[in-house]
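Reminder, nothing fancy here: chain letters follow the sequence lines and each chain counts from 1.
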Amino acid sequence: MDATQLIHPLLALALAPLMAGIVNKTKSAFAGRNGPPVLQPYRDLWRLLHKGAVYSRTTSWILRAGPIVSLAAVVTALAMLPFGGTAAPLSFAGDLIVFAYLFGLVRFLMVAAALDTGSSFEGMGASREVTFSALAEPALLLALAALARMAGSPSLSGLLAGAVANPAVSIPVLLLAAAAVGIVLLAENARIPVDDPNTHLELTMIHEVMILDTSGPDLAFAGYAALLKQWAFAALLVGVLVPWRTGVLWADVALALAAMAAVAVGIGVVESTMARLRLVRVPQLLLAAVACAALAVVLVLR
Amino acid sequence: MDFWVNCLVVLIAMTNLRLLGSSRVVSCVHTVAFQGVLLGVLAIVGASGGLAAHGIVLAAVNIVLKGLVFPWLLMRALRETHLRREVEPAIGFGASMLLGVLLIGICLWIGSRLPLPVGVQASPLLVPAALFTLMVGLFMIVARRKALTQVVGYLSIENGITAFGLGFALKEALLVELGILLDAFMAVFVMGIIIFHISREFDHIDAGELSALKD
């Protein structure tokens with residue numbers, strides 16, 4: 001194993017909260033506020049880790065397993081993503097399906113943990129989460145399928161390896177796939193057109209409402225897993241949008257990190273300029289993502 | 001060059017999907033206007049063998065008419081009829097979008113079987129995209145109730161015909177294109193007036209009500 005393969009997982013573990021900080025800073029800048037420091041997410045996680053957890057007597061081991069297994073699954077998924085010229089530590093044929101369904105496992109456990117508490121609000125959040133992710137999943141898989149077919153490789157590493165052989169065909173496909181992955185990024189990470197991360201009204205929340213009964217280190221794990229998930233989708237988007245390589249390792253990594261910061265700012269801009277969609281309109285947005293991904297597949301197959 | 005043509009063609013296909021999925025009349029009008037501007041740009045970029053004068057004329061007329069004049073006319077009709085800003089679909093937005101994806105597949109299949117005249121060097125995606133735009137226009141006319149969105153569908157058909165014509169941008173195409181554009185201009189002008197009259201007669205512009213008319 002090459003030492004450079006560990007660069008991306010370590011960077012992700014270290015910088016995922018920073019990305020959330022950049023998103024918050026961008027939103028604050030749009031609102032004309034100073035906003036929380038960029039490092040605030042680290043402090044929040046640190047504070048939560050030093051608290052004790054409170055468990056309701058009605059809950060079982062599922063509530064405790066949810067955040068821990070989520071974190072483990074997300075870290076595993078991160079290990080499959082190549083990043084800016086560095087190879088992924090884990091790579092095998094078909095790992096893109098494992099990648100997609102590791103997030104499915106995360107979702108299942110978080111939903112099970114939410115249902116385990118017996119709270120009706122959490123049940124509503126769980127129901128929404130499952131509904132929307134059922135529509136986001138075909139978009140992600142179709143986009144990955146288009147890219148895999150184009151690159152002629154059944155693994156994420158090969159698919160994002162930056163093979164821009166025939167730009168006349170590949171650039172439109174890359175753009176379409178990026179649009180689909182971008183919408184999935186917003187939907188899966190509870191960002192604004194789908195869910196408002198800042199809302200505190202249980203009736204409208206999706207992700208936040210599912211962790212209402214999670215506290216202390218468990219909340220830190222769930223939050224950290226969510227941040228890493230956001231990093232993973234953003235890294236996937238960057239891999240699709242910035243397929244060019246200079247060949248120099250540090251330059252490639254720096255380029256990818258700059259692109260990640262750009263994605264974070266982009267999320268902030270979307271959150272500041274758009275209103276949350278009504279819940280009935282969210283499936284249409286996700287269907288648009290599916291349509292983009294299907295168009296990409298059709299273009300590749302043609 | 002082929003690269004830019006492909007990007008534009010994909011963008012045009014995406015505006016079609018937006019047309020199918022958007023629930024507001026205003027954004028429909030803007031989308032179809034944007035589509036017209038894209039077609040104008042396509043006429044400039046896609047002109048094989050340098051820019052001929054007629055290519056520039058065509059592009060300019062396209063951009064001015066479809067990007068500025070038509071939206072202005074439609075927005076005026078929208079303002080004067082005080083209609084509700086939401087599209088009333090006969091077929092839901094989600095179903096429309098899925099049908100759109102299906103239409104893309106059908107158009108690509110037809111496009112691959114359609115024999116093109118010899119000597120035409122169009123991007124292989126142009127003909128399917130033109131057909132798709134045309135079919136989305138027809139679909140909009142059938143599946144949306146408001147007269148205004150049906151005009152938008154008509155404009156989308158017009159855009160499809162223009163895109164089709166651009167694929168065969170031969171010398172004599174200029175006259176035909178300009179003739180079609182003039183027709184479209186007159187049609188939108190007249191439709192604006194008709195929409196106004198429908199809304200004055202029925203207090204709304206639901207075209208389904210027209211079938212209740214008797215002589």
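Using a 3.5 Å distance cut-off with no hydrogens or angles, the side chains of B:Gln150 and B:Arg145 do not pair a donor with an acceptor. No donor-acceptor contact under 3.5 angstrom links the side chains of B:Ser156 and B:Thr133, judged on distance only.
For the salt bridge (Lys or Arg N to Asp or Glu O under 4.0 Å) test, residues two or more places apart in sequence or in another chain that qualify with A:Arg107 are A:Glu137, A:Glu188. Among residues two or more places apart in sequence or in another chain, the salt bridge (Lys or Arg N to Asp or Glu O under 4.0 Å) test is passed with B:Arg18 by none.
Using a 4.5 Å cut-off between heavy atoms, B:Leu98 touches chain A through its side chain atoms alone. For chain B, the nearby part of A:Leu175 is the side chain; its heavy atoms alone come within less than 4.5 Å. For A:Leu176, the part lying under 4.5 angstrom from a heavy atom of chain B is the side chain only.
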